[in-house]
Engineer: 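Just passing along the structure, written as structure tokens.
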Amino acid sequence: MTINPNTAEAYKLFHDGILALGRAEQQGMRIDLDYVGEAKEKLTKRILKIEHDLHQTSFFKHWQHISKGKPNIGSPLQLANFLYNVKNITPQKYIDKEKKKPSSDDEALKLLQLPELDMILSIRKLKKARDTYLEAFEREQVKGYLHPFFNLHTVSTYRSSSDSPNFQNIPKRDKEVMKLVRDAIYPRPGHQLMAVDFSKLEVCIAVAYHHDPTMLKYLRSPSSDMHGDMAAQIFKIDDFNKHLPEHKLLRNAAKNSFVFPQFYGDYYQNNAIGLCRWIELPHTAWKTGQGVQLPGGKYISNHLKEQGINSFDGFCTHLQEIESDFWKRRFKVYGKWKEKVQAEYLVNGYVDSYTGFRFKGEMNKKEIINYPVQGAAFHCLLWCFIQLDKFFAEKGWKTRLIGQIHDEVVLDVAPEELLKVSKIVKRITTVDLPRAFKWINVPLSVAADLGPVDGSWASLEEYPLP
DNA sequence: GGAACTCGCCAC
DNA sequence: AAACGTGGCGAGTTCC
């Protein structure tokens with residue numbers, strides 16, 4: 001590997017970076033304190049209602065009886081003790097690999113299919129929204145503005161972190177909680193919020209290191225579809241069509257439970273568990289008429305049985321073959337690169353990133369591969385963040401950067417500047433960045449979401465950049 | 001009464 | 001042979 005660490009360059013990136021991030025911290029983001037107060041109150045009422053209903057159940061009364069006092073539904077330990085020791089329910093999931101500690105997390109409780117546990121899960125979800133987010137917003141705000149910190153000195157991959165409050169883990173996937181929490185955050189009066197994120201940035205950065213020809217082809221040809229190809233292979237589908245909703249689910253399953261975990265260093269057995277969750281098949285022998293349905297209504301269990309996969313164990317064996325094919329044939333050069341970098345680390349005691357950072361100290365195989373990719377991917381974002389900050393200052397624009405989430409920038413946009421902001425964002429991220437970082441070897445693309453004037457962070461919608 | 005830990009859960 | 005990368009944070013818990 002021919003990498004020239006340039007520590008002066010790395011230093012400059014972080015020096016300029018922390019100044020730009022500091023300006024974003026100072027700028028802050030408006031929060032609606034009245035909304036936060038009302039939302040907290042409503043959540044508390046909902047929580048009390050569910051708790052009240054829970055208290056009427058014989059399940060809870062039993063728990064109360066054996067715990068000499070008030071059972072603490074917020075204690076996973078007490079809940080596990082009641083479920084698995086007192087009620088003697090067979091655990092469906094464990095925290096530890098030795099299967100000594102039964103789990104009481106979301107998935108474990110859902111598997112037990114008890115209505116009382118679903119009530120506890122609802123309470124957990126609402127408390128999380130209220131206490132971790134809304135409560136923290138209220139506590140951390142200064143004169144109606146939040147000023148999350150963005151750190152460059154805390155993360156072993158040379159990524160960033162954020163705290164007080166953490167701006168990088170605000171709910172997004174659960175639509176209900178997303179709206180509840182993000183409705184607290186607003187642009188400055190008369191402005192609008194915009195978020196711009198890189199598409200599959202870490203994959204694009206990884207390919208700059210390993211130069212795998214198959215991966216290069218996937219990333220350079222817009223019509224190709226890596227996740228679709230993997231879905232077709234994993235689920236043995238000949239006529240895969242990513243526009244069919246049933247196939248879209250299989251594609252998401254392949255993407256989120258095979259491809260990405262494999263890139264992070266996971267292996268086929270965990271993949272099998274994750275994939276079965278998506279297609280709703282059990283960890284046992286499969287019967288006909290089980291799981292999700294394919295286009296035309298055929299059950300996936302029937303389809304897989306026809307293909308010779310009759311059980312979870314059979315599926316594991318199948319995935320083991322796919323994993324081997326994945327690294328030894330499909331992405332052979334990528335696989336070889338992993339081995340080479342790991343071997344070089346054992347000799348040198350360090351590994352370097354393209355952005356001039358050196359990773360030293362004890363690292364396991366997965367960390368050796370992941371750190372330079374994860375770090376450099378973030379450095380692409382940080383470089384763009386710095387350029388944008390500089391640009392807005394030089395031009396005297398009113399638009400400001402207010403935050404960053406690893407591969408995404410968040411802007412507080414003055415509506416009259418929207419068009420020119422969009423253009424410069426697109427230019428810096430897709431044209432200037434690859435020119436500055438010559439090692440980037442595939443086109444980078446960004447996607448934007450935009451909120452209405454005075455609209456909350458929950459109201460962002462897709463916005464095609466001009 | 002606080003430090004340090006576990007567990008669970010939110011993001012990329 | 002073994003087996004998911006990086007964080008922050010709240011509540012419960014244990015230890016000093």
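Lettering of chains follows the sequences in order, A, B, ..., and the numbering in each one begins at 1.
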Engineer: Would you call A/Asp131 and A/Lys127 a salt bridge, using N to O less than 4.0 angstrom?
Structural biologist: no

Engineer: Checking contacts here: which listed nucleotide (C/dG10, C/dG12, C/dC9) is nearest the side-chain heavy atoms of A/Asp163?
Structural biologist: C/dC9

Engineer: Check every atom of B/dC10, C/dA3, C/dG5 against the side chain of A/Tyr371 and return the nucleotide holding the closest atom.
Structural biologist: C/dG5

Engineer: Among the candidates C/dT13, C/dG5, C/dA3, find the nucleotide nearest to the side-chain atoms of A/Glu367.
Structural biologist: C/dG5

Engineer: If you check the A/Ser161 side chain, which of B/dC12, C/dG7, B/dC9 turns out closest?
Structural biologist: C/dG7

Engineer: Any donor-acceptor pair under 3.5 Å joining the side chain of A/Gln374 to the base of C/dG5?
Structural biologist: yes

Engineer: If only side-chain N and O atoms count, and only distance matters, is there a donor-acceptor pair under 3.5 Å linking A/Ser456 with A/Asp183?
Structural biologist: yes

Engineer: What integer distance in Å separates A/Leu126:CG from C/dG10:C1'?
Structural biologist: 15 Å

Engineer: Nearest of B/dC10, B/dC7, C/dT13 to any side-chain atom of A/Ile95?
Structural biologist: B/dC7

Engineer: Taking the basic N atoms (NZ, or NE/NH1/NH2) and the acidic carboxylate oxygens, is any pair closer than 4.0 Å for A/Arg159 and A/Glu202?
Structural biologist: yes

Engineer: Taking atom types as they are modelled, would you say the side chain of A/Lys128 forms a donor-acceptor pair with the base of B/dC9 within the 3.5 Å cutoff?
Structural biologist: yes

Engineer: Would you indicate which nucleotide in B/dG8, C/dA11, C/dG7 comes nearest to any side-chain atom of A/Asp131?
Structural biologist: C/dA11

Engineer: Side chain of A/His406 only, please: which of C/dG8, B/dC12, B/dC10 is the nearest?
Structural biologist: B/dC12

Engineer: Using a distance-only test with no angle check, is there a side-chain donor-acceptor pair under 3.5 angstrom linking A/Asn270 and A/Asp266?
Structural biologist: yes

Engineer: A/Lys365 has a side chain; which of C/dA1, B/dA11, C/dA3 sits nearest to it?
Structural biologist: C/dA1

Engineer: Just compare B/dA11, C/dT13, C/dC4 and give me whichever is closest to any side-chain atom of A/Tyr264.
Structural biologist: C/dC4

Engineer: Calculate the interatomic distance between A/Arg182 atom CZ and B/dA11 atom P; express it in whole Å.
Structural biologist: 8 Å

Engineer: So which nucleotide from C/dT6, B/dG8, B/dA11 ends up closest to the side chain of A/Pro76?
Structural biologist: B/dG8

Engineer: Please determine if A/Glu25 and A/Arg400 form a salt bridge, counting it only when a charged side-chain N lies under 4.0 Å from a carboxylate O.
Structural biologist: no

Engineer: What about A/Arg159, does its side chain sit under 3.5 Å from the base of B/dC12 through a donor-acceptor pair?
Structural biologist: yes

Engineer: Checking all strands, does A/Glu408 fall into the base, sugar-phosphate, or nothing category for heavy-atom contacts under 4.0 angstrom?
Structural biologist: nothing

